[in-house]
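Start at 1 and go down the list; that is how both ligands and their atoms are numbered.
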Amino acid sequence: MKTITLLGASGSIGQSCLDVVRQHPQAFRAKTLVAGRNAQQLVKDALEFRPDCVALADTSQAAAVAAALEGKGIEVLAGHDGLLEACQRDNDICVSAITGIAGLEPTLAALASTRRLALANKESLVCGGSLLMQAAQRQGVEIVPVDSEHSAIFQALHQQPRKALRNIVLTASGGPFRTWRAEAIAAAKREQALVHPNWDMGAKVTIDSASLMNKALEFIEALYLFDLQPRDIEVVVHPQSIIHSMVQYHDGSYLAQLGAPDMRSPIAYALTYPDRAALSVEPLDLVSLGRLEFEEPRHADFPLLKLAEYAWQAGPAAMIAFNALNEEAVAAFLGGRFTFGAIARVVVEGMQREWNQAIHGLSDIQDADKSARRLAQALIAR
Ligand code: NDP
């Protein structure tokens with residue numbers, strides 16, 4: 001029986017992870033559940049999964065959660081400190097699925113008391129990649145990716161000698177605007193961007209998929225996770241999202257991982273690696289599928305993807321700014337404050353500044369994040 005600390009329990013990945021646990025009650029126990037503000041979902045899951053502890057970032061709802069769980073033997077923690085305390089409770093696997101840079105500090109805190117980090121929160125690698133990778137190594141924590149693309153690469157790289165690797169091919173669905181004209185993309189509204197053609201995900205990552213910012217974040221995530229250079233990664237649009245990514249070896253062979261677009265598969269793999277668990281997911285109907293297509297990304301109409309390489313070359317402060325500008329722009333877009341095209345405008349303009357502060361630790365990351373958010377707000381207000 002493996003115990004799990006689940007950061008972001010109330011979100012899309014969190015709920016998929018709990019479904020994997022539900023399907024394997026003998027193998028996994030959700031021991032600690034951490035959420036942001038969704039007290040109702042947290043209470044519902046606590047009553048079903050009976051963790052030892054739940055934590056909520058939002059202190060205003062802590063009393064209501066405690067009242068709902070009274071007499072159940074479940075500890076309730078809340079607020080910043082309560083959340084970090086929950087992250088440090090012993091477990092076998094920590095699933096990191098808080099959205100945005102908000103996931104970085106809890107993920108770092110969790111490293112002290114886990115053996116495996118099942119990482120979905122790509123923003124924590126983009127903003128604190130060196131810090132996180134080094135801390136995991138120092139504390140003997142293995143990182144197994146949850147992001148479907150990185151899970152595919154992880155699986156395709158498994159047990160192959162590293163020197164045999166030629167490059168990796170990161171696939172992108174292209175999002176809902178893949179075939180739209182540039183003017184229509186720029187004018188797109190919230191409801192149009194929130195409809196992903198293949199995946200059912202949280203709002204922020206769905207918007208990032210529409211702008212290809214998600215692929216930009218994943219590009220940086222792959223550089224850290226697999227110790228690569230930008231020249232080692234090719235991004236290809238694959239509208240069906242069936243090939244989750246692939247690896248090319250020097251003998252010309254490609255190893256790909258395929259499956260239906262269902263996050264429960266990579267989550268289960270991150271929990272069971274190096275084994276595999278049975279899972280009730282839809283099998284692929286290859287004949288009905290008929291064909292798999294591949295296209296070049298339309299860089300001129302989706303400028304954020306190319307900025308990933310620029311941010312990486314410019315260094316840690318630039319990657320933090322890249323993420324923060326986008327988080328603020330996406331929040332403004334989701335709040336109905338502007339149309340889709342303004343997300344890229346804010347990020348592209350913000351990245352024209354010099355972002356070269358020295359980054360030595362978490363507080364430097366948080367300072368750089370705050371300063372980029374201030375600029376983003378000024379650009380949004382224009
Ligand atoms: P959701 O928006 O669905 O869920 C986010 C989770 O984070 C919620 O549980 C939310 O709590 C919690 N949260 C947000 N802010 C805070 C905070 N300040 N403190 C504590 N908890 C917080 O996102 P997803 O599940 O879609 O994505 C999560 C991460 O996984 C992202 O980094 C995303 O890029 C990555 N990912 C997601 C995929 C997907 O299919 N969804 C695929 C691959 C990667 P609450 O709702 O209670 O406020």
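- Ring pair Y224/W312 is perpendicular by interplanar angle, where above 60° counts as perpendicular and below 30° as parallel.
- Residue contacts with ligand 1, taken as heavy atom pairs separated by less than 4.0 Å, involve A57 solely via side-chain atoms from C-beta onward.
- The shortest separation from a heavy atom of K122 to ligand 1 is under 4.0 Å, placing the residue in contact.
- A distance of 6.0 Å or more separates the ring centres of F177 and F302.
- Residue G100 has no N or O atom closer than 3.5 Å to an N or O atom of ligand 1.
- In terms of N/O distances under 3.5 Å, ligand 1 is not approached by S148.
- Heavy atoms from both the backbone and the side chain of T99 come within less than 4.0 Å of ligand 1.
- Close N/O approach between S12 and ligand 1 is found [any backbone or side-chain N/O within under 3.5 Å].
- For ligand 1, the polar-atom distance check finds an N/O of N38 within less than 3.5 Å of one of the ligand's N/O atoms.
- Among all non-hydrogen protein atoms, the one lying nearest atom 29 (C) of ligand 1 is I98 O, 3.7 Å.
- Put simply, the side chain of L33 reaches to within 4.5 Å of the side chain of L18, judged on heavy atoms.
- When side chains are defined from C-beta on, V20 counts as touching L271, because their heavy atoms get closer than 4.5 Å.
- For atom 46 (O) of ligand 1, the nearest non-hydrogen atom of the protein is S10 OG, 3.3 Å.
- The nearest pair of heavy atoms linking D369 to A324 is OD1-CB, 3.3 Å.
- Using a 4.0 Å cut-off between heavy atoms, R37 contacts ligand 1 through both its backbone and its side chain.
- Between the side chain of T114 and the backbone N or O of L111 there is no donor-acceptor pair closer than 3.5 Å.
- For atom 36 (N) of ligand 1, the closest heavy atom belonging to the protein is A120 O, 3.9 Å.
- The shortest heavy-atom contact between A260 and H244 is O-NE2, 3.7 Å.
- In terms of N/O distances under 3.5 Å, ligand 1 is approached by G8.
- Nearest protein heavy-atom contact of atom 38 (C) of ligand 1 is I13 CD1, 3.4 Å.
- Among protein heavy atoms, the minimum distance from atom 6 (C) of ligand 1 is reached at A97 O, 3.6 Å.
- Note: an N/O pair closer than 3.5 Å links G36 and ligand 1 by distance alone.
- A centroid separation of less than 6.0 Å is found between the aromatic rings of Y273 and F154.
- Close N/O approach between G14 and ligand 1 is not found [any backbone or side-chain N/O within under 3.5 Å].
- Atom 2 (O) of ligand 1 has as its closest protein heavy atom G202 CA, 4.0 Å.
- In terms of heavy-atom proximity, Y269 sits nearest to Q155 at CE2-CG, 3.4 Å.
- The backbone and the side chain of A35 each have at least one atom closer than 4.0 Å to an atom of ligand 1 (non-hydrogen atoms only).
- Looking at atom 4 (O) of ligand 1, its nearest protein heavy atom turns out to be G11 CA, 3.1 Å.
- Here E123 has side-chain heavy atoms under 4.0 Å from ligand 1, and that is the only part of it that gets that close.
- Looking only at protein heavy atoms, the nearest one to atom 18 (N) of ligand 1 is A102 CB, 3.6 Å.
- Between H80 and E105, the side chains place a donor N or O and an acceptor N or O closer than 3.5 Å (distance only, hydrogens not considered).
- Residue D147 places no N or O, backbone or side chain, under 3.5 Å from any N or O of ligand 1.
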